[in-house]
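Keep in mind that this is a model prediction, so the values were computed, not measured. Numbers here are sequence positions counted from 1.
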Amino acid sequence: MLLEVNDLQKHFPVRGRGARGRSASVKAVDGVSFSVGPGETYALVGESGCGKTTIAKLLLLLERPTGGSIRFDGSDILQLDRKGVRDYRRHVQAVFQDPSSSLNPRLRVSTLLAEPILAHEGWRAARDRAALRRRLVEVLEIVGLPVGALDLYPHEFSGGQRQRIAVARALALRPRLIVLDEPTSALDVSIRAQIINLLSDIQREFGLSYVMIAHDLALVEHFSTTVGVMYLGKMVENGNSDRVFAAPAHPYTQALLGSAPRPDPDHQPLEGLITGEIGSALDPPSGCRFHPRCPHMFSRCAEEEPLAIRVAGGPADDTPHTASCHLLETTSETSRMQTA
């Protein structure tokens, strides 16, 4: 595996004490595990506040985890020295949600694209300006922009073109993994397909892996290899995208997919499947964190946190399809699999 995340935790301490008199902390991510292979796209989905963006920040080392491990190409990145972290960041880049905010409006595109190269290669890149410019032209061609774009500022482009520039900047260091944080949500519907097709073409050409954060379930179903469904800092379901979308096992995943709009005039979204608001990460519910909203809740759900259960029915060589729900333990076709 290229990326292996095991029992990842991120708790943000806050002043004062929690509801039960304990020292208070926001459990943004609380024991999440998943893996990403070469050339795969792993998607994280869930309601706002479930911890998706925090995981992205942890992968990019913009935040340090409270616990757990992140292994990249076999190495624990949390144990790397300064030089190792610098090398890791060369191989892991990001494309953010809004290119209008992620691109410095005062810099020309040539400077925006050259900045990461110069930061990592220093004088070696700076001394040969012609070779540097050829590299910039090359990444622009990959994302479908003309060479003249190098001399322009971000505000002189459309939203879709700005996101292409952001993708080009991520490609400048020839990374192996790119974190995509809602890469199309700030774009017009007509432009989204173009960006997704561009990312797909780049992935096939260079063998890149993606970790994508998204709310658009249709996009996730079309674009991802594997999907992880998060709720209040926990991974409630994980598996091959085709399997999860065809046969969701967790009640939350079922509700999430059932409420998604479809381009079918006869389709009726499921109503009344879940009620209420997502709980507080400062004082999450006991047991299964979804139980206050779950229509299938029984007493054990409020008392005991469920383990990941392997859902039967997939091919033997398929990515394990797991869900954390006590209901699955009563089904003879499932077997318990506690995550490491």
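The two atoms that bring Pro105 and Tyr153 nearest to each other are O-CD2, 3.7 Å, heavy atoms only. Residues Ile196 and His222 come closest through the heavy atom pair CG2-CD2, 4.2 Å. Scanning all heavy atoms of the two residues, the minimum distance from Met235 to Val32 falls at CE-CG1, 3.6 Å.
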Could you walk me through whether Val311 and Thr322 satisfy the side chain to side chain contact (heavy atoms under 4.5 Å, CB included) test, starting with their C-alpha distance in whole Å, then the side-chain angles of each, then the deciding distance to 0.1 Å, before giving a yes or no?
CA-CA 6 Å; Val311 182; Thr322 63; 5.9 Å; no
I would like to know whether Ser100 and Arg162 meet side chain to side chain contact (heavy atoms under 4.5 Å, CB included); could you show each step before the answer?
CA-CA 7 Å; Ser100 300; Arg162 282 195 290 268; 3.4 Å; yes
Could you walk me through whether Ser209 and Glu40 satisfy the side-chain hydrogen bond (donor to acceptor under 3.5 Å, both in side chains) test, starting with their C-alpha distance in whole Å, then the side-chain angles of each, then the deciding distance to 0.1 Å, before giving a yes or no?
CA-CA 5 Å; Ser209 297; Glu40 292 183 352; over 6 Å; no
Side chain to side chain contact (heavy atoms under 4.5 Å, CB included) assessment of Phe12 paired with Thr54
CA-CA 11 Å; Phe12 295 95; Thr54 301; 4.2 Å; yes
Criterion side-chain hydrogen bond (donor to acceptor under 3.5 Å, both in side chains) on Gln203 and Asp201, from CA distance to verdict
CA-CA 5 Å; Gln203 185 175 45; Asp201 292 341; over 6 Å; no
Evaluation steps, salt bridge (Lys or Arg N to Asp or Glu O under 4.0 Å), between Glu115 and Arg169
CA-CA 9 Å; Glu115 197 171 37; Arg169 183 175 60 178; 5.3 Å; no
Applying side chain to side chain contact (heavy atoms under 4.5 Å, CB included) to Val5 and Arg71, what does each step give before you reach the verdict?
CA-CA 6 Å; Val5 175; Arg71 303 187 71 85; over 6 Å; no
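Gln163 contributes no side-chain N or O that, together with a main-chain N or O of Gly159, makes up a donor-acceptor pair within less than 3.5 Å. Here the side chain of His215 pairs no donor or acceptor atom with the backbone of Val45 at under 3.5 angstrom. The closest donor-acceptor contact from the side chain of Arg86 to the backbone of Asp81 lies at 3.5 Å or more, if one exists at all. Side chain of Glu4 to backbone of Val36: no donor-acceptor contact under 3.5 angstrom is found. Side chain of Asn240 to main chain of Asp242: a donor-acceptor pair is present (N/O by atom type, distance under 3.5 Å, no hydrogens or angles). Within the 3.5 Å criterion, the main-chain N or O of Ala218 finds no donor-acceptor partner in the side chain of Glu221.
Rounding to the nearest 0.5 angstrom, the gap separating the CG atom in Leu58 from the OG1 atom in Thr53 is 11.0 Å. Atom CG of Leu257 sits about 12.5 Å away from atom NE2 of His250, to the nearest 0.5 Å. One distance of note links CD1 of Ile195 with CG of Leu187; it measures 6.0 Å at 0.5 Å rounding. Residue Phe34 holds its CZ atom at 8.5 Å from CE of Met230, rounded to the nearest 0.5 Å.
In this model, no donor atom of one side chain and acceptor atom of the other lie less than 3.5 Å apart for Glu304 and His326. Side-chain contact check for Asp7 and Gln9: at least one donor-acceptor pair (N or O, by modelled atom type) lies under 3.5 Å.
Between Tyr88 and Phe72, the angle of the ring planes goes over 60°, which puts this pair in the perpendicular group of the 30/60° scheme.
We find that Lys10 and Asp30 are not joined by a salt bridge, their nearest charged nitrogen and carboxylate oxygen being 4.0 Å or further apart.
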For residues 130-142, which side-chain donor-acceptor pairs fall under 3.5 Å, sequence neighbours excluded?
residue	atom	partner	partner atom	Å
Arg135	NH1	Glu121	OE1	2.9
Arg135	NH1	Glu121	OE2	3.1
Arg135	NH2	Glu121	OE2	3.3
Arg135	NH2	Ala172	O	3.2

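For the side chain to side chain donor-acceptor pair (under 3.5 Å) test, no residue two or more places apart in sequence or in another chain qualifies with Asp87. By the side chain to side chain donor-acceptor pair (under 3.5 Å) test, Tyr252 pairs with Glu47, sequence neighbours left out.
Considering only heavy atoms from C-beta on, Val244 stays 4.5 Å or farther from Ser241 through its side chain.
Of the residues listed (Arg289, Glu237, Arg293), the one engaging Tyr231 in a side-chain hydrogen bond (donor to acceptor under 3.5 Å, both in side chains) is Arg293, and it is the only one.
Residues Tyr42 and Tyr210 keep their aromatic ring centres 6.0 Å or farther apart.
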